[in-house]
Amino acid sequence: MTQALKNLPQINKENFQKDLIGWFEVEQRILPWRQDQDPYKVWVSEIMLQQTRVDTVIPYFNRFVEEFPTIEALSEADEDKVLKAWEGLGYYSRVRNLQAAVREVHEKYEGKVPDNLKEISALKGVGPYTAGAVLSIAYGVPEPAVDGNVMRVFSRILSIWEDIAKVSTRKIFEEAVRELISHENPSYFNQALMELGALICTPTSPSCLLCPVREHCHAFHEGTQHELPIKTKNKKQKAVQLAAVVIKDEKGRTVIHKRPESGLLANMWEFPNMEINLPFIDEREQLKSFLSETYDLEVETGDMVGKIEHVFSHLIWNINVYEAKLKRVPQEMNEIRIVTKGEIAEYAFPVSHQKMLKQFVFSEE
DNA sequence: TATGCGTGGAT
DNA sequence: TATCCAAGCAT
């Protein structure tokens, strides 16, 4: 028997469900994705909310469902438009996977989001959490939806001291949720656990005196709520040195580059740049030959106009930004384009390059 | 199983 | 300022 299940007999299941769901009915926040149970919109919201705060998601969600209101609309949209709608939200493969999955639903399931675990879990970007969330919220299926909130809340209620940073630990919490989930209202049960984690059972200072289920909580009775959950630290980010260049032609237009279709910031647009592994050689010379060899771009590199530091979850970019004049347009332009100020707004840029855009490209206008 | 994958806000 | 995150998934 797992540690979680060992403590289950201490929980009065019916009262726990009643206290939790009763609290949620009264205290839940009004959020745009709670206006109805349209499976498509529930799905979009769950993808956006992955590793992302509610306050950040709200305006993106409203704009996204306005522009792509249905499965069909998102299926038929250009990926460039979809990425632009996601610009600034991060983890961009989420939305490329979402569109691929929505296209599969459109073609294979006549536009109806699957209502069973097997089919919905086979969709791109739909893992155990998202599958359970969409099934329970949109269709009322009693399936666990274990996210970071649920692990924190249940680690305290059931006194589970497993490391929640480990991928395998999620299964322990899924087992516990399976035992305790309400079959009358699995949607509210799952949402209430997450809402409780967001509003009451917070990471550093849980408001136990306001908690609707504190009488069921092992950690509250033991006074261990500040020690739980156990979570090992992440590793430090690796620093990467880059040189980027803002190239202008005689008309004031600017050269931009489309990133590869996989990996970091896949298919996003950026200013031409390269990693600097040889700091002893003049970066302007390195840039000039890089641009010539890689894109057949002939330029006259000028001064460094600024520095940008950008922190990701797993690395840090230190970017030296140069300006340059375009001397000759290349024969072929597959990955690069030369765009005006008006046109550049149509392209999706990562935040690091939005900083460059703002500071160094059209700042004089 | 551990790591790659973004961003902006909280402490 | 540095750290840790916030409704995870793919590989």
Side-chain angles (χ1 to χ4, degrees), chain A residues 24 28-29 31-34 42-61 83 86-98 100-101 120-134 136-137 144-154 163-171 173-174 177 187 189-199 201-205 226 229 231-240 259-268 270 309-317 348-355:
Chain A
F24 183 71
Q28 65 170 298
R29 291 168 289 180
L31 297 171
W33 47 88
R34 288 178 175 162
V42 171
W43 184 10
V44 169
S45 73
E46 291 302 338
I47 299 298
M48 282 191 175
L49 285 162
Q50 289 171 6
Q51 302 293 288
T52 311
R53 285 182 161 71
V54 165
D55 289 341
T56 304
V57 168
I58 290 171
Y60 281 92
F61 176 84
L83 275 175
W86 208 268
E87 181 186 59
L89 202 49
Y91 288 146
Y92 299 98
S93 61
R94 287 185 294 177
V95 78
R96 298 195 309 121
N97 288 338
L98 174 63
I120 201 170
S121 300
L123 298 171
K124 260 189 190 165
V126 178
Y129 164 75
T130 304
V134 175
S136 62
I137 296 170
V146 175
D147 69 341
N149 286 307
V150 174
M151 288 199 281
R152 183 171 61 258
V153 169
F154 264 32
D163 181 2
I164 67 166
K166 291 174 69 175
V167 178
S168 58
T169 302
R170 196 199 68 251
K171 291 181 183 301
F173 291 91
E174 281 178 352
V177 172
S187 167
F189 184 89
N190 281 339
Q191 292 188 74
L193 282 179
M194 293 187 276
E195 195 83 339
L196 191 66
L199 300 180
C201 195
T202 52
T204 54
S205 53
H226 294 284
K231 187 172 188 184
T232 52
K233 298 183 197 296
N234 331 340
K235 289 201 293 193
K236 240 177 36 174
Q237 299 100 329
K238 193 178 73 175
V240 177
R259 294 179 61 88
E261 62 183 6
S262 67
L264 180 64
L265 304 168
N267 283 356
M268 300 287 281
E270 63 181 5
E309 180 187 86
H310 190 79
V311 180
F312 298 83
S313 48
H314 61 302
L315 55 86
I316 300 174
W317 275 356
F349 280 71
V351 170
S352 50
H353 287 256
Q354 288 179 46
K355 292 176 188 169

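For the numbers below, each heavy atom of this structure counts, side chains included, while hydrogens, waters and symmetry mates do not. Every chain is numbered from 1, with letters handed out A, B, ... down the list of sequences.
For A:S313, the side chain to side chain contact (heavy atoms under 4.5 Å, CB included) partners are A:Y91, not counting sequence neighbours. With sequence neighbours excluded, the residues forming a salt bridge (charged side-chain N to carboxylate O under 4.0 Å, His left out) with A:E195 are A:R29, A:R34, listed by chain and number. Under the rule for a ring-ring contact (aromatic ring centres under 6.0 Å, His included), the partners of A:F349 that lie at least two apart in sequence or sit in another chain are A:F271. For A:R96, there are no side-chain hydrogen bond (donor to acceptor under 3.5 Å, both in side chains) partners two or more places apart in sequence or in a different chain.
The distance from atom CG of A:N234 to atom P of C:dA6 is 11 Å, rounded to the nearest whole Å. In this entry the distance linking CG of A:L264 with C1' of C:dA10 reads 15 Å, nearest Å.
Nearer the 5' end of DNA chain C, as judged by each residue's closest nucleotide, is the contact made by A:V54, out of A:N97 and A:V54.
Side-chain N/O atoms of A:K233 include none lying less than 4.0 angstrom from OP1 or OP2 on C:dT3. Taking side-chain N and O atoms only, A:K235 has a distance below 4.0 Å to OP1 or OP2 of B:dT3.
Residues A:Y129 and A:E46 have side chains that bring a donor and an acceptor to within less than 3.5 angstrom of each other.
Using atom P as the reference point in both B:dT3 and C:dC4, the two lie 15 Å apart (nearest Å). Rounded to the nearest Å, the gap between the C1' atom of C:dA10 and that of B:dT1 is 13 Å. Rounded to whole Å, the P atom of B:dG6 lies 14 Å from the corresponding atom of C:dT11.
Ring geometry, A:F61 versus A:W33: the interplanar angle exceeds 60°, so the pair is classed perpendicular (tilted spans 30 to 60°).
Residue contacts for A:T130: at a heavy-atom cut-off of 4.0 Å it reaches the sugar-phosphate backbone alone, with no base atom in range. Counting any heavy atom pair closer than 4.0 Å across all strands shown, A:R96 reaches no nucleic acid atom. Counting non-hydrogen atoms under 4.0 angstrom, A:V150 reaches nothing in the nucleic acid. Contact annotation for A:R29: base contact, defined as any heavy-atom pair under 4.0 Å involving a base atom.
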Tabulate protein N/O versus nucleotide N/O from nucleotides 7-11 of chain B, keeping only pairs under 3.5 Å, one per line.
{"unit_1": "B:dT7", "atom_1": "OP1", "unit_2": "A:Y92", "atom_2": "OH", "d": "2.9"}
{"unit_1": "B:dT7", "atom_1": "OP1", "unit_2": "A:V351", "atom_2": "N", "d": "2.9"}
{"unit_1": "B:dT7", "atom_1": "OP2", "unit_2": "A:H310", "atom_2": "NE2", "d": "2.7"}
{"unit_1": "B:dG8", "atom_1": "N2", "unit_2": "A:R53", "atom_2": "NH1", "d": "2.5"}

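Here the side chain of A:V167 is nearest to one of B:dA2, C:dA6, C:dC9, namely B:dA2.
Among pairs with a residue in residues 51-60 of chain A, those fulfilling side chain to side chain donor-acceptor pair (under 3.5 Å) read A:T52-A:R94, at least two apart in sequence or across chains.
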